[in-house]
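Source: prediction; values computed, not measured. Atom set for the values below is all heavy atoms of this structure, side chains included, hydrogens, waters and symmetry mates excluded.
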Amino acid sequence: MTPDRPPGLVETRRALADGEVTSRALVAEALARIEATQPTLNAFRIVRAEAALAEADAADRALAAGTRRPLLGVPVAVKDDMDVAGEPTAFGCRGEFPPVATDGEAVRRLRAAGAVIVGKTNTCELGQWPFTEGPAFGATRNPWDTEYTPGGSSGGSAAAVAAGLVPAALGSDGAGSVRIPASWTHLIGIKPQRGRISTWPWGESFQGITVNGTLARTVADAAVLLDAASGNHDRDPHRPPALTVTDAVGRDPGRLRVALSLKPPFTAVPARLDPEIRVRVTELAARLAAAGHVVEEADPPYGQIGLAFVPRATAGIAERVREAPDLALLDPRTRGAARLGRLLGGAALSAARRAEAVLHRRIGAFFRSYDVILAPTTATPPPRIGALARLGGLATDRAIIAACPYAWPWNVLGWPGVNVPAGFTGSGLPVGAQLLGTANSEPLLVSLAAQLEAELRWHELWPPEHRTDPARAGREADPPH
C-alpha cells in the first residue's frame, strides 16, 4: 500500500475488514495525497480534513467492535453538486454559498454504508461543459498530462480517482459528465438508470436528464460504489426496480449481439470522429468479436433527438441559476443558457418531455436486434486547458458538439451507459468507449465491461508520475480566486 499506488475500493474495503489497516491511516494518506497534488491537479473544491479524520476514527471504533458495512472506513469523494451537511454546495459557481443543513440522499446512503467523505470535487459552473475550469476555483488538470483537461463536468472526481487520491468518487452525468471525464482519464464511469442513485434534494435534476454516477479504476470498484449509493428518497419521482450491480462483475454475459455505432447522433454543427479514436473503438469491437460476441456496424434511429434535449438542459440551468447568490458573478454563457431556458420552459419543454416516450419506443425497438451498443464516448481526445473555457457562448456550443456528440442521447432516454478505457492516442492521452443499454441494463453492461477488463487489464496502467510532479506546479497551477 504505497502512497503513489494506493489500493482500489474493493481492496481497501477488504484490508479494513481484515484489520490490516485503519481507516484513520487511509484517510490521512488520502488527505496527504490531495494536499500534495492540489497545486498541480486542483481536483478538490472542499477538503474535509478535520471532519474526515473524526469520521475515520468513528469507523475504526465500529470496525473494532465487529461492525461490518459495505464501505465502512473507506475514503471517497463526491462532486460539488451534491449536498454534504455542513458544507456549501457552490456547483462550480463564484459567490458565498451557505453551508447546507443535511446530506443529499446519495451522500446519506454513502454515509450509511460507512464511507468517509474526504471532500467535494471541482466541477465547471452548473456542470454545463466538458471541461472543469472557471474563475471560482481555477483549472482542474488531467493526471495523464496536466496541460490537458480531465473533462467535465465531473472532472474533479475523475482527476482524483485517476491520480489515486481516492479509490472511487461520485459524479453526475447530464450530457456525459461522468462518461466523458472517465474516457479522458482512463477510468470506468457508470451512468446508471435514471433514479438508480437519487439526486434529491432535486427530484429531477435538470428536468430529469442528470443522474448521479460512479467513477473508479476498476469495474468492481465502480459497481460497489454504485450499489452503496443506490436507492431513493421517499419523494423521488423516478424509482427503478432495485437490483444489485456488483453481482454482475465476473458473471459471464453470454453471447451478445453488439451494435458498433460510430456515427454521431444528429447535431446542428459538424462533428467528426477523430481517426485515432475510431481505431481504438474498432479495436475494442474486435476484442468483443474474438470473445464470441456478434458485432455488426449499426446506428440507433436517433432522429431529431436533440430537440428533446435542449429545452430540458436549458430549463434546468434556469432553475439552478436561481440559487446563485449573485447573478453578476455567473459566466455570461450561463446567463445566456438560463435566458434560453426561460424561453423554452413552457410549450417547448412540455413537448420535449412528451417526446421521451416516443424515443423509448423507437430506440427500444433497436434493442430487439441488439443487446448492447458500443460507441465512442467522445469524438476527440481531451482538449488543452483553456481551449474551451474562454470561448463565447456560440463558439463554446460548437466546440462541445464537435468534441462530445455521442453521450447526451442516453441522458434524454434515462438509460444506463458505461465508459470503458479504449486506449491512448499516439501522444499518450486516454480515450474511451461507451457500452450502452436499454432500461435497467446495468448488470449486463457491467458484466460485459468486466469481461473486457479481465482481458485488457486497463486498471494496471497509471498516469506517468512526472506529469503530476509538484515541481511543475508553480508553472502550471491556476490558483483558486
Decide side chain to side chain donor-acceptor pair (under 3.5 Å) for Thr132 and Thr140; before the verdict, give the C-alpha distance in whole Å, the side-chain angles of both, and the deciding distance to 0.1 Å. CA-CA 6 Å; Thr132 302; Thr140 296; 5.5 Å; no
Return yes if some donor-acceptor pair links the side-chain N/O of Arg33 with the main-chain N/O of Gly164 below 3.5 Å, else return no. yes
Any side-chain to backbone donor/acceptor pair from Asp236 onto Gly203? Under 3.5 Å, distance only. no
Under a 4.5 Å cut-off applied to non-hydrogen side-chain atoms, are [X] and [Y] in contact?
X	Y	answer
Val245	Arg196	no
Val418	Lys191	no
Val161	Val166	yes
Leu448	Leu444	no
Thr214	Val178	no
Asp145	Asn142	no
Ile373	Leu435	no
Pro150	Trp184	no

First locate atom [atom1] of [X], then atom [atom2] of [Y], and finally report the distance between them rounded to the nearest 0.5 Å.
X	Y	atom1	atom2	result
Leu436	Trp410	CG	CH2	5.0 Å
Glu442	Ser447	CD	OG	11.5 Å
Ser23	Leu71	OG	CG	11.0 Å

Knowing that exactly one of Glu319, Arg194, Arg320 qualifies, which makes a side-chain hydrogen bond (donor to acceptor under 3.5 Å, both in side chains) with Ser205? Arg320
Can you see whether [X] engages [Y] through a side-chain donor-acceptor pair at a distance of less than 3.5 angstrom?
X	Y	answer
Asn212	Thr199	no
Asp299	Ser261	yes
Thr246	Asp227	yes
Trp458	Glu453	yes
Lys79	Ser153	yes
Arg384	Tyr148	yes
Thr380	Thr378	no
Ser198	Arg109	no
Asn122	Asp80	no

Counting the benzene-type ring for Trp, do Trp462 and His186 have ring centres under 6.0 Å apart? no
Measure centre to centre between the rings of Trp144 and Phe424, then say whether the value is under 6.0 Å. yes
Go through the steps for Arg24 and Glu55 under the test salt bridge (charged side-chain N to carboxylate O under 4.0 Å, His left out), then give the verdict. CA-CA 8 Å; Arg24 185 178 182 89; Glu55 292 165 15; over 6 Å; no
Heavy atoms of other groups near Arg257 CZ, more than 12 under 6.0 Å: yes
Under the criterion salt bridge (charged side-chain N to carboxylate O under 4.0 Å, His left out), I'd like the reasoning laid out for Arg312 against Glu356: C-alpha separation, chi angles, the key distance, then a yes or no. CA-CA 11 Å; Arg312 296 172 73 167; Glu356 186 177 314; 2.7 Å; yes
Which is it for Leu215 and Ile188 under the side chain to side chain contact (heavy atoms under 4.5 Å, CB included) test, yes or no, and what are the steps along the way? CA-CA 6 Å; Leu215 294 119; Ile188 302 298; over 6 Å; no
Start with the C-alpha gap between Thr377 and Ser183, add the side-chain angles, then the distance that decides, and say whether side chain to side chain donor-acceptor pair (under 3.5 Å) holds. CA-CA 7 Å; Thr377 302; Ser183 73; 4.9 Å; no
In terms of relative ring orientation, are His360 and Trp415 parallel, tilted or perpendicular, with 30° and 60° separating the classes? parallel
Please report the C-alpha distance between Leu16 and Leu72 in whole Å, then the side-chain angles of each, then the deciding distance to 0.1 Å, and finally whether the side chain to side chain contact (heavy atoms under 4.5 Å, CB included) criterion is met. CA-CA 8 Å; Leu16 282 164; Leu72 185 55; over 6 Å; no
Would Thr89 and Asp83 count as a side chain to side chain donor-acceptor pair (under 3.5 Å) here? Give the steps. CA-CA 6 Å; Thr89 303; Asp83 286 352; 2.7 Å; yes
Counterpart residues, side chain to side chain donor-acceptor pair (under 3.5 Å), relative to Glu297 (two or more places apart): none
In sequence, state the C-alpha distance, the side-chain angles, and the governing distance for Arg14 and Glu20, and then conclude on salt bridge (charged side-chain N to carboxylate O under 4.0 Å, His left out). CA-CA 9 Å; Arg14 185 205 59 77; Glu20 296 176 6; 3.0 Å; yes
Report yes or no: is the cationic atom of Arg179 (NZ for Lys, CZ for Arg) closer than 6.0 Å to the six-membered ring centre of Trp408, at no more than 45° off its axis? no
Stepwise side chain to side chain contact (heavy atoms under 4.5 Å, CB included) check, Glu204 with Thr210: CA-CA 8 Å; Glu204 282 203 316; Thr210 294; over 6 Å; no
Have a look at Thr146 and tell me which of Leu41, Ile385, Asn42 forms a side-chain contact (heavy atoms from CB on, under 4.5 Å) with it. Leu41
Worked check of side chain to side chain contact (heavy atoms under 4.5 Å, CB included) between Leu110 and Ile117: CA-CA 8 Å; Leu110 287 185; Ile117 312 297; 4.1 Å; yes
